Amino acid sequence: MKPNFNRFFNITSYAICLVFLLWLKPDMYEFINPNYVYICIFIYLSAATLHFLLGEKGNWLRIDLFFILGFSIVHFQWPFMYSFSDIVPENYWDIFVDDYLINYTTWLSAIGGVCFLIGYGLYSPNRKKVPKILDANYNYKKLLLFTASVFVLFLLFAGRNFLTGGVYKGEGGSAAGGGISKYFALLFQVGLILSTGLIIYKNKKNYKGNLIKWFLGLDKLYLVIVVVYIVLFLLIGDRGGPLTLILTILLLVGSFVRKFKFYEVVLLTILGGFIMTLIGLGRSEASGFEIFTAGSEKFENSTGYDTTVELANSVRTLNASVAEVPNNHNYFYGSLWITQLLSPIPFAQSAYMDLMDLEWFEIDSSGYITYLVLGKYPTWGLGTSLIADIYLNFGLIGVLFFMLVLGILIKKLSLELNQPSNYKWFIMAITIGGISFYYGRSNYLMSFRDIIWGFLFFRFLVKTSKMNVKKTLSI
């Protein structure tokens with residue numbers, strides 16, 4: 001089928017799915033119906049399957065694939081398992097919160113997912129306009145030295161509990177290190193992701209058929225930082241940062257260096273999921289290479305779906321949100337996003353809290369949900385999820401609108417990873433691409449600070465020549 005017909009067919013099919021879901025809208029509070037839950041999930045999965053069947057097949061390492069995969073696990077794994085096989089979580093009430101909410105929360109997730117697919121299908125660039133292509137004639141050395149420096153500072157100030165994995169064994173500390181090291185960690189992560197994008201893009205034409213040889217030919221200081229960071233953090237038990245970096249590298253390689261087939265992505269996903277599961281299971285018992293031994297012993301007694309259960313458990317944040325809002329508390333109408341918008345400015349969040357006399361749980365959805373479930377003095381946090389974050393702020397209308405906008409944005413960023421037109425879109429693409437798998441369990445504006453800081457880093461730490469305009473057949 002021709003591209004224009006494919007696009008028309010996709011959008012029409014998604015619209016039909018949306019109409020069906022709107023027609024099937026349940027009451028917010030009604031007894032759980034496994035058949036109804038299954039129907040909602042089936043409609044969403046049908047739309048998602050169509051998205052992949054009629055979408056790009058040249059390269060399967062894409063932002064949209066990892067976003068949809070992560071989003072689906074977070075919002076649908078437990079409802080699907082309950083409706084299809086009657087398997088429920090051991091901590092049933094902690095995850096489902098209230099049986100009478102599951103029909104509505106599953107429907108809300110399904111309609112949000114379909115709106116994302118509609119937005120993704122709607123965006124189509126102007127093919128008549130000759131696009132700009134990002135010039136690779138830049139010098140990233142200053143940025144790389146800055147990144148290496150803040151990494152060293154982070155290690156110096158992180159504290160023993162973090163560097164020995166004690167934070168995951170209940171010995172205190174935080175996953176980001178302690179005190180000022182948290183800020184060094186943020187600066188390092190932004191610098192490393194930006195350096196990764198610039199280095200891979202600059203060396204994309206050096207690929208000669210051997211991916212390992214090509215990767216080892218990259219900047220030596222960069223390779224040292226990457227290896228030390230990934231190995232050290234994984235052996236500590238911290239998976240988030242290394243996974244973001246690895247996914248960023250894979251997306252860039254798939255876009256600029258070598259296309260990945262479907263089976264290759266499946267194998268990489270299974271292997272990565274297995275390794276991350278072992279680390280997650282073993283980090284509370286050991287650190288270093290022993291973390292894999294401890295994880296293997298626990299894995300033998302686990303079930304097949306434990307690989308994704310940590311992600312899937314995030315659905316409780318949506319269930320808890322709908323249980324509270326709007327019956328007991330009005331929608332927040334964007335007030336839970338203000339601190340995210342202020343996050344690029346150092347100390348602006350704390351100043352805003354003092355000015356408005358806000359409690360810690362009144363500034364974002366993850367804090368509010370933690371407060372709802374664990375009270376005012378919790379010892380750990382529940383986090384949030386994408387649909388829950390939007391719902392708490394703007395309700396159903398917000399879910400429809402902001403998921404549509406997100407679909408348009410992800411489509412634009414996917415195209416930018418194929419042919420980056422300028423550094424701003426390129427930075428947005430690599431920043432959001434790196435967290436695409438975990439986006440489903442985050443707040444809507446999670447990447448805002450990193451994007452703004454990325455712009456600033458590029459502006460002041462990367463020496464560029466004037467961008468050239470080159471002709472190309474299509475975007």
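Please read these numbers as outputs of a predicted model, since none were measured by experiment.
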* To do: Indicate whether any N or O donor in one side chain lies under 3.5 Å from an N or O acceptor in the other, for Tyr92 and Asp99.
  => yes
* Considering all heavy atoms, the nearest Pro344-Trp453 contact -> O-NE1, 2.8 Å
* Asked: Without hydrogens or angle criteria, can the side chains of Ser385 and Thr317 be said to hold a donor-acceptor pair below 3.5 Å?
  -> yes
* To do: Using the side-chain hydrogen bond (donor to acceptor under 3.5 Å, both in side chains) rule, collect all pairs that involve residues 18-36, keeping only residues at least two apart or in two chains.
  => Tyr29-Asp98, Glu30-Asn103
* Which heavy-atom pair separates Gly367 from Phe361 by the least distance, and what is that distance? -> O-CB, 3.5 Å
* Minimal non-hydrogen separation, Thr339 against Leu336, with atom names -> OG1-O, 4.3 Å
Per-pair distances, 0.1 Å, donor-acceptor, side chain in residues 185-199, under 3.5 Å, sequence neighbours excluded:
from	atom 1	to	atom 2	distance (Å)
Ser195	OG	Gly191	O	2.7
Thr196	OG1	Leu192	O	2.8
Thr196	OG1	Tyr222	OH	2.8

* Donor-acceptor under 3.5 Å (Asn327 side chain, Ala323 main chain) -> no
* Structure fact -> Residue set satisfying ring pair (Phe, Tyr, Trp, His ring centres under 6.0 Å) with Phe52, at least two apart, ordered chain then number -> none
* Asked: Under the 3.5 angstrom rule, does the side chain of Gln340 hit a backbone N or O of Met446 as a donor-acceptor pair?
  -> no
* To do: Report yes or no: do Tyr44 and Ser72 form a side-chain donor-acceptor pair below 3.5 Å?
  => yes
* Only pairs at least two apart or in different chains count here, so list each side-chain hydrogen bond (donor to acceptor under 3.5 Å, both in side chains) that has a residue in residues 248-262. => Arg258-Glu264
* Please determine which of Thr12, Asn10, Leu18, Ile16 meets the side-chain contact (heavy atoms from CB on, under 4.5 Å) test together with Tyr14. => Asn10
* Quick one: ring pair (Phe, Tyr, Trp, His ring centres under 6.0 Å) partners of Trp337, sequence neighbours excluded? -> Phe394, Phe402, Tyr444
* To do: Indicate, with yes or no, if the rings of Tyr100 and Phe31 have centres closer together than 6.0 Å.
  => yes
* Go through Phe292 and Leu235 one step at a time and tell me if the side chain to side chain contact (heavy atoms under 4.5 Å, CB included) criterion holds. => CA-CA 9 Å; Phe292 294 102; Leu235 295 183; 3.9 Å; yes
* Asked: So, do Phe76 and Phe80 have ring centers that fall under 6.0 Å from each other?
  -> no
* Please check if the side chain of Asn443 supplies one atom and the backbone of Ser365 the other of a donor-acceptor pair under 3.5 Å. => no
* Identify, with sequence neighbours excluded, every residue that meets ring pair (Phe, Tyr, Trp, His ring centres under 6.0 Å) alongside Tyr352. => none
* **Ile212, CD1 atom: more than 12 neighbouring heavy atoms under 6.0 Å** => no
* Do the side chain of Trp107 and the main chain of Cys40 share a donor and acceptor less than 3.5 angstrom apart? -> no
* **Residue pair Cys115 / Leu400: nearest heavy atoms and the distance that separates them** => SG-CD2, 3.5 Å
* To do: Give a yes or no on whether the backbone of Asp94 and the side-chain of Arg316 come within a donor-acceptor separation of less than 3.5 Å.
  => no
* Asked: So, the side chain of Trp214 versus the backbone of Gly209: is there a donor-acceptor pair under 3.5 Å, distance only?
  -> no
* To do: Taking all non-hydrogen atoms of both residues into account, name the closest pair between Lys204 and Tyr201 and its distance.
  => CG-O, 3.1 Å
* Would you find a donor on one side and an acceptor on the other, under 3.5 Å apart, between the side chain of Trp425 and the backbone of Leu417? -> no
